[in-house]
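Quick notes on the structure that follows.
Convention: sequence-line order gives letters A, B, ...; per-chain numbering from 1.
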2 protein chains.
Amino acid sequence: MTARVIDGTAVARRVREDVARGVEKLLAEGGTAPGLATVLIGEDPASEVYVRNKRRLCVAAGMADHHRHLPGDVDQATVAALLDELAADPAVSGILLQLPTPEHLDSEALIARIPAEKDVDGLTTANAGLLAQGRPGLRPCTPAGVMTLLEEYDVALSGAEAVVVGRSVLVGKPMAQLLLAQNATVTIAHSRTRDLAEVCRRADVLVVAAGIPGLVGADAVKPGATVIDVGIHRGEDGLHGDVEYDAVAEVAGAITPVPGGVGPMTIAMLLANTLTAATVQQGRAS
Amino acid sequence: MTARVIDGTAVARRVREDVARGVEKLLAEGGTAPGLATVLIGEDPASEVYVRNKRRLCVAAGMADHHRHLPGDVDQATVAALLDELAADPAVSGILLQLPTPEHLDSEALIARIPAEKDVDGLTTANAGLLAQGRPGLRPCTPAGVMTLLEEYDVALSGAEAVVVGRSVLVGKPMAQLLLAQNATVTIAHSRTRDLAEVCRRADVLVVAAGIPGLVGADAVKPGATVIDVGIHRGEDGLHGDVEYDAVAEVAGAITPVPGGVGPMTIAMLLANTLTAATVQQGRAS
């Protein structure tokens with residue numbers, strides 16, 4: 001048996017095209033273009049690449065790019081003041097503080113200054129609370145991207161056994177909430193789980209977001225299961241995920257590759273969140 | 001095998017005694033007595049009993065009782081104004097809006113007016129977000145009470161399989177978060193779960209909060225498991241829970257009775273939250 005490959009690159013492209021059409025519709029109805037403010041601090045090369053891609057795809061979707069670059073030795077009050085300025089600016093629909101910030105800054109306190117309705121990364125405590133209570137809000141991009149992949153590939157979730165490996169605030173925990181909202185029976189496994197392979201083998205839908213290369217092998221996968229690999233690790237022979245791809249692809253029913261699986265979805269959902277934020281702020285139905 | 005009976009009445013008494021000692025300590029250090037504002041709307045007899053018990057135990061623990069009773073036909077703006085007044089009153093450490101409110105009122109909008117630091121029921125979106133992100137905050141009383149019972153009875157949680165039946169915002173969802181924070185492998189099951197008994201049988205710790213009398217029978221319990229019954233239903237022959245007590249007590253290692261299990265813990269944790277809120281508001285370590 002060889003798994004169907006879930007093509008995140010293609011789905012992400014369709015999501016971005018939908019966002020571009022949504023921006024056109026917003027403009028045609030007399031609204032203004034959504035604006036994304038990316039805040040980059042310092043010169044980390046990986047962060048620079050991420051931010052550049054976000055800005056490029058934001059502009060390609062017809063949205064305004066409000067980029068701000070601050071020096072790596074900037075103080076907390078200066079970043080806070082910038083975030084307050086962006087929060088008050090009606091042209092800015094969404095604010096993204098690129099993480100990690102330099103160590104001398106308190107990133108939690110900075111994120112807390114982003115108003116919930118402009119928190120397009122879905123990182124604030126306010127949006128975490130809305131998700132936990134099943135109320136409308138902006139969802140974290142990576143788990144939202146996983147949900148879109150599952151939907152696009154018609155993966156049945158109601159009553160399905162879903163297992164999420166990893167319990168980070170950014171991915172694992174919101175992932176579990178989103179799967180639960182679609183009526184899956186959800187298990188959260190993590191580093192203290194006694195027999196990880198046994199727990200994973202229960203899953204009809206297995207989402208691995210542990211940050212450990214090759215953590216999940218074929219022995220941890222039920223035949224026919226859908227396997228979503230959120231991990232991304234740079235090795236000497238290219239990028240790898242948390243899942244042993246070649247072996248698991250022989251057992252699973254469907255699987256995301258690394259690269260080209262979950263990765264491209266994260267930026268696509270950021271753009272979708274920015275459109276949603278703008279639509280709500282401009283008083284239109286989202 | 002007959003299960004050990006988890007005595008919630010005794011544990012709740014100890015918690016209330018701890019709270020009373022905490023209040024004395026706060027006063028001895030120059031602080032002021034914590035104050036609990038209970039807001040009751042209308043004449044529902046069950047709600048009146050609940051509120052009377054909360055007020056009585058609040059006073060017994062040395063705290064001030066700020067009760068407010070509004071007529072059942074009060075309008076939204078009047079309740080909102082009262083909540084704003086209590087929010088601004090430094091003598092009020094905690095605010096409890098007794099639920100359910102009459103149908104013509106928007107209880108979600110009312111709860112949203114309670115500041116997170118006075119939300120001693122742990123119901124606000126802000127406190128749900130703090131719990132979801134693993135940050136300090138006031139936790140919902142019933143799941144916090146379950147955690148205290150598990151701790152008092154030395155139930156091992158790290159690496160244990162925990163299953164929560166029910167996904168309410170009030171109990172099931174925060175329960176799962178609290179068990180996860182203690183490093184359990186947590187599964188949330190619910191009405192759409194395919195084979196509930198099979199899922200429950202995995203549990204070393206089984207928390208049932210489904211609101212369905214006798215939902216969980218002996219076939220759904222692993223021998224030796226700890227079974228916590230959050231359900232409470234009034235029948236012709238007295239109170240019953242979501243668990244078939246007599247049959248399950250033959251299989252489980254430990255079990256909470258109904259009444260006398262989780263029930264008494266809810267008010268005890270409300271008092272504990274009120275003391276915590278007062279301590280934080282008065283600028284002391286909690």
Can you say whether [X] sits under 4.5 Å from chain B via the side chain, the backbone, both, or neither, judging by heavy atoms?
| X | result |
| --- | --- |
| Leu157(A) | neither |
| Leu131(A) | backbone |
| Ala162(A) | neither |

Taking all non-hydrogen atoms of both residues, which atom of Gly134(A) and which atom of Lys173(B) are closest, and how far apart? N-NZ, 4.1 Å
Top residue by heavy-atom pair count (under 4.5 Å) with chain B, among Ala184(A), Ala126(A), Gly129(A)? Gly129(A)
Indicate yes or no for a side-chain donor-acceptor contact from Glu161(A) to the backbone of Val199(B) under 3.5 Å, with no hydrogens or angles considered. no
Donor-acceptor check, side chain of His190(A) to backbone of Leu180(B), threshold 3.5 angstrom: yes or no? no
Just verifying a value: how many Å separate Gln177(A) CD and Gln177(B) CD, rounded to the nearest 0.5 Å? 5.5 Å
[X] atom [atom1], neighbour heavy-atom count above 12 within 6.0 Å:
| X | atom1 | value |
| --- | --- | --- |
| Arg201(B) | CZ | yes |
| Tyr50(B) | OH | no |
| Gln76(A) | CD | yes |

Evaluate side-chain contact (heavy atoms from CB on, under 4.5 Å) for Gln133(B) paired with Glu108(A), printing each intermediate quantity in order. CA-CA 11 Å; Gln133(B) 296 192 330; Glu108(A) 281 196 6; over 6 Å; no
With a 4.5 angstrom heavy-atom cut-off, which part of Leu123(B) approaches chain A: side chain, backbone, both or neither? backbone
Quick check: do Thr185(B) and Ile188(A) have side-chain heavy atoms less than 4.5 Å from each other? no
Name the option with the most non-hydrogen atom pairs under 4.5 Å to chain A; the candidates are Val163(B), Asp195(B), Val164(B), Val186(B). Val186(B)
Pick whichever of Leu170(B), Thr124(B), Asn127(B) has the most heavy-atom pairs under 4.5 Å with chain A. Thr124(B)
Just checking, any donor-acceptor pair under 3.5 angstrom between side chains of Arg135(B) and Thr125(A)? yes
Apply the test side-chain contact (heavy atoms from CB on, under 4.5 Å) to residues Arg194(B) and Asp204(A): give CA-CA distance (whole Å), side-chain angles for both, the deciding distance (0.1 Å), then the verdict. CA-CA 12 Å; Arg194(B) 268 197 308 249; Asp204(A) 302 307; 2.8 Å; yes
